[in-house]
Amino acid sequence: MLPYPSGKLHMGHVRNYTINDVMLRHLRMKGYNVLMPMGWDAFGMPAENAAIANGAPPAEWTYQNIGDMKTQMQPLGLAIDWSREITTCKPDYYKWNQWLFLKMLEKGIAYRKTQVVNWDPIDQTVLANEQVIDGRGWRSGALVEKREIPGYYLGITQYADELLDCVETKLQGWPKQVRTMQENWLGKSEGVRFAFHHMIRRDESSASPLHLQGEGRDGDGFQSATDNFIQDGKLFVFTTRADTIMGVTFCAVAAEHPLALHAAKSNQEVADFIEKSKTGDTTELALALKDKEGVATGLFVTHPLTQEQIPVWVGNYVLMTYGDGAVMGVPAHDERDFQFAKKYALPIKPVIDLVKSYSIEAWQAWYGEQGVCVNSGVMNGMNFNDAIDYVAAQTKLHGGEKKTTWRLRDWGISRQRYWGTPIPIIHCDDCGAVPVPEKDLPVILPDDLVPDGSGNPLKKDARFLNCACPKCGKPAKRETDTMDTFVDSSWYFMRYCSPDSATNMVDSRSEYWMPMDQYIGGIEHAVLHLLYARFWTKVMRDMGLVKFDEPFTNLFTQGMLSAECFYRQDEAGKKRWFYPSEITIQYDDKGRPVSATAIEDGKPVLMGGMEKMSKSKNNVVEPKDIIAKFGADTARAYVMFAGPPEQSAAWSDSGAEGVYRFLKRLYTYAVSVKNASSSSPIGDFALLSADAKKLRYDIHTILSQANHDYTRLQYNTVVSAAMKMLNALEDKKSATCNDWQIARHEGLSILLRVLYPLAPHLTWQLWSDLGYAAQHGDILDAPWPTPDAAALTQDEIELVVQINGKLRGQIRVPKDASKEAIEALALADASVMRHIDGAVIKKLIVVPGRLVNVVV
RNA sequence: GCCCGGGUGGUGAAAUAGGUAGACACAACGGACUUAAAAUCCGUCGAGGCUAAUCCCCUCGUACCGGUUCGAUUCCGGUCCCGGGCACCA
């Protein structure tokens, strides 16, 4: 995944790109043609914030950072093809964002509508949910308002079915966790949508239905988000539990629902409630803790099956953004409805036979359970599925139907931001919103503006703003909203295949490289980026631009890197964080760390445990410091050695030092081997001495383990394997006989190749110093080592002898010993005999090559 | 609340198909070298017991309880805890 150019390369980047590079070099040596490209996710808010702080254009800051990060990346020795480098804030890239957006407009995939957003009245901009803290803008501190403003949307919901199906059928190479998260995000629910009809006010004796159609349309002629929910006095609801329809005792609508807005006109209490729900904390936590609250509208609807009159309430727990913004209230079978009903003393009517006891307490344990309908008139005795079908059929007259509802909503891409791809639209007083003609692309973003923190500087830039309407030629204004930066990252990987094409977004070269065989990145992108990229790919496929359905065949999510942190807390509760270099740790006699003190005053400091590396906690490890101290090979190999790549790993300076020691030992050893013989000796492996054969056996055993670990991306144990090989080689270091030289050179050449993907610099040098390059060519072109079957066969093997599953002895047997011979040898072992001690042997189990188990 | 992961020494972790638990390292401790320190090298290193003994040997031990099996870190059922994701989604 391409990085955001923050200017600082952190250890997370090092981990990500090292995994990539190790895989790449390994596969390259195995003969594959491999491509590792790199790019910069260069648009976005941090650049604008830096620009405000520095009083300089974001472009300057961004390009400076790209240069800085590249400089920090290069010493790591990543085999990146820089000729394909992509920078998303360059016009030759974002032109294609605009181009595809226009194509989507033509096809009806992109459209304009009004949206309810968090609006910061001081900064004059939309805020993302994460930017609203305690109901206030994170930068301005102003109370955030909910506003309906027009914006552009991409119809990702049109692809909901395919996006879900492919998770099952085409993403087998993705981690299960990510697939589940995508499924949850799509959130498919099957149920029934139906209407409560004949809406009345109870105090109206005429009881004539209200007609509310048309209310809620906004001024500019676009269809309002709040439209379509009421037709001819009908209140539509969606439910997954239509089988509980006979238990409905009220209906509840969202505060933004047209029905609530209508009721507010004649009911001050409702109006106050709606006003209250507009402000207030919108964070998830606050929502979860909030009490179920509501107010009666005074309106009643008719139950489609019983014809009973059902009161309509406004409820704060009903979401306008899901289903129809209205629910049927069944307190006996839904926890939220139950809480609401209890608070406002609404009736509770159980209609599913779940438990014999009808006490509310007993009932609550059964929320969500399916059962047989009871207390439900004609529906009595129906099971879940029959009841659903029945309700769908019975409500058909008033528009009832079985329906699938998705949690997924269309993707709003408009941002009231400067540093992003301009949306290629021109607003004309006469012609409305007119797409920029293809020949006029790209709409260039001026890169010399300096935002001052109040609103979008594009709105104040006459050069950008003023233009002629492409339709009628009259003076018009450009759209000043820019695209969500997730657009940039939705297809950049395809552009790597044809980065130089001036005439096409992608060309036929993408067929060679795409779909991507291996995508590697953080779990934090499990939903948004990966879902958008999948959607974007399918859109491009439907436009005939690419031929594949899914962009990423295999996905690998690497774990976080954390590091130990230390702090002191003053009386006010304020924490002071110490750098590890400012700390001394005390150990008990078993080597357990028991306390820590500050070097400056010798007084105690608290140990905060392992935390995600964070500037504020002073536990960030800088790649450049590590490279300066130990070199790139240590940095790479240690980051891989620290733990399995998919798990989070803890950084430890002494751990890195351990890897550093290993590389130094390897160097010293290789030099000694080189000095012992000028060229690598050649001889028949079969004729070697027993000692030399043992070395070959060890090396080739470790090699087969390492090869297996390479295939499953478990690079931590590959580093272990390299260490084991060196340990085996260093044994009998001083032996100088020819046999030993032969086995030693073979082992060392295997070790160097196994370690090369992890520590390419040192191994490349040694490979050439030892003369292997002259023999086999550059290490990168050398054949990947495979275990020699002859080396792996031993004349004698060791077997474990168990008695009742407990280890009691070892025996050495010839490799082709018969079962009978093994049994006899096992029972003759002194330790085994002692343990059997006359007991009756019931059974003898011989597992070839492994063990003997004596059951007594 | 729901859905995913995970729980193994002082620490990071290993154990490929159910077959010697703790490989490989780190830390700690002891020693060699050194005037000294660093670096380097060697040794000990799950808990408890037996013992003159850091020889041997025995018992226990992979969160907890139970099951399957000749044999379970691994498979099954239940419980607890930790991490991540989603969440008034009707």
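Just so we're clear, the structure is a prediction, and the values are computed from it rather than from any experiment.
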Review point. Where is the tightest heavy-atom contact between A/Lys234 and A/Ala195, given as atom of each residue plus distance?
Key: CB-CB, 3.9 Å
Practice item. Tell me what A/Arg407 touches on the nucleic acid: a base, only sugar-phosphate, or nothing, going by heavy atoms under 4.0 Å. Key: base
Exercise for review: Name the nucleic acid region contacted by A/Glu183, choosing base, sugar-phosphate or nothing; use a 4.0 angstrom heavy-atom cut-off, strictly under.
Suggested key: nothing
Practice item. Quick one: label A/Gln177 by what it contacts on the DNA or RNA (base, sugar-phosphate, nothing), any heavy atom closer than 4.0 Å. Key: sugar-phosphate
Review point. If you look at every strand shown and take non-hydrogen atoms under 4.0 Å, does A/Val800 touch a base, only sugar-phosphate, or nothing?
Key: base
Exercise for review: Name the nucleic acid region contacted by A/Lys842, choosing base, sugar-phosphate or nothing; use a 4.0 angstrom heavy-atom cut-off, strictly under.
Suggested key: nothing
Study note, to complete from the structure: Given Watson-Crick and G-U pairs under 3.5 Å, RNA chain B in dot-bracket ([ ] crossing, | other strand) is (((((((..(((......[....))).(((((.......))))).((((.......))))..(((((..]....))))))))))))....
Study note, to complete from the structure: Taking B/rC3, B/rC89, B/rC41 as options, the one with an atom nearest any side-chain atom of A/Leu319 is B/rC89
Practice item. Output yes when at least one side-chain N/O atom of A/His835 is less than 4.0 Å from OP1 or OP2 of B/rC57, else no. Key: no
**Study point:** Phosphate OP1/OP2 of B/rC58 contacted by A/Arg808 side-chain N/O (<4.0 Å)
**Key:** yes
Review point. A/Val659 near the nucleic acid: base, sugar-phosphate alone, or nothing, with a heavy-atom cut-off under 4.0 Å?
Key: nothing
**Study point:** Out of B/rC24, B/rC88, B/rU20, whichever nucleotide has its closest atom nearest the side chain of A/Gln810
**Key:** B/rU20
Point to revise | Nearest-nucleotide pick for A/Lys292, side chain only, options being B/rC88, B/rU20, B/rA25 | key: B/rC88
Practice item. Classify the ring geometry between A/Phe641 and A/Tyr638 as parallel (under 30°), tilted (30 to 60°) or perpendicular (over 60°). Key: perpendicular
Check your understanding: B/rA90, B/rA25, B/rG19: which one has an atom nearest the side-chain heavy atoms of A/Met723?
Key -> B/rA25
Check your understanding: Syn or anti: how is B/rC50 classified when any glycosidic angle within 90° of 0 counts as syn?
Key -> anti
Check your understanding: Aromatic rings A/Tyr322 and A/Phe238: how do their planes relate, parallel, tilted or perpendicular, breaks at 30° and 60°?
Key -> perpendicular
**Study point:** Geometric class of the A/Trp313/A/Tyr344 ring pair [parallel <30°, tilted 30-60°, perpendicular >60°]
**Key:** tilted
For nucleotides 13-15 of chain B, print each protein N/O atom paired with a nucleotide N/O atom at under 3.5 Å, atom names and distance only.
residue, atom, partner, partner atom, Å
B/rA14, OP1, A/Asn716, ND2, 3.0
B/rA15, OP1, A/Arg712, NH2, 2.5
B/rA15, OP1, A/Gln714, NE2, 3.3

**Study point:** Listed nucleotide nearest any side-chain atom of A/Ser720, set B/rC24, B/rU20, B/rC70
**Key:** B/rC24
Exercise for review: Would you check, one step at a time, whether the test ring-ring contact (aromatic ring centres under 6.0 Å, His included) holds for A/Tyr317 with A/Phe340?
Suggested key: CA-CA 9 Å; A/Tyr317 70 100; A/Phe340 192 78; 5.4 Å; yes
Practice item. Select one nucleotide: of B/rC89, B/rC57, B/rG19, the one nearest the side-chain heavy atoms of A/Arg336. Key: B/rC89
Practice item. Ignoring backbone atoms, test whether A/Arg241 places a side-chain nitrogen or oxygen under 4.0 Å from the OP1 or OP2 oxygen of B/rC89. Key: no
Check your understanding: Across the strands shown, which category fits A/Gly658 at heavy-atom distances under 4.0 angstrom: base, sugar-phosphate, nothing?
Key -> sugar-phosphate
Review point. Counting just side-chain N and O atoms, does A/Lys176 come under 4.0 Å of either OP1 or OP2 of B/rG5?
Key: yes
Review point. How should the glycosidic conformation of B/rA17 be described, syn or anti, under the criterion that syn lies within 90° of 0?
Key: syn
Review point. So what does A/Arg409 touch, heavy atoms closer than 4.0 Å: a base, only the sugar-phosphate, or nothing?
Key: nothing
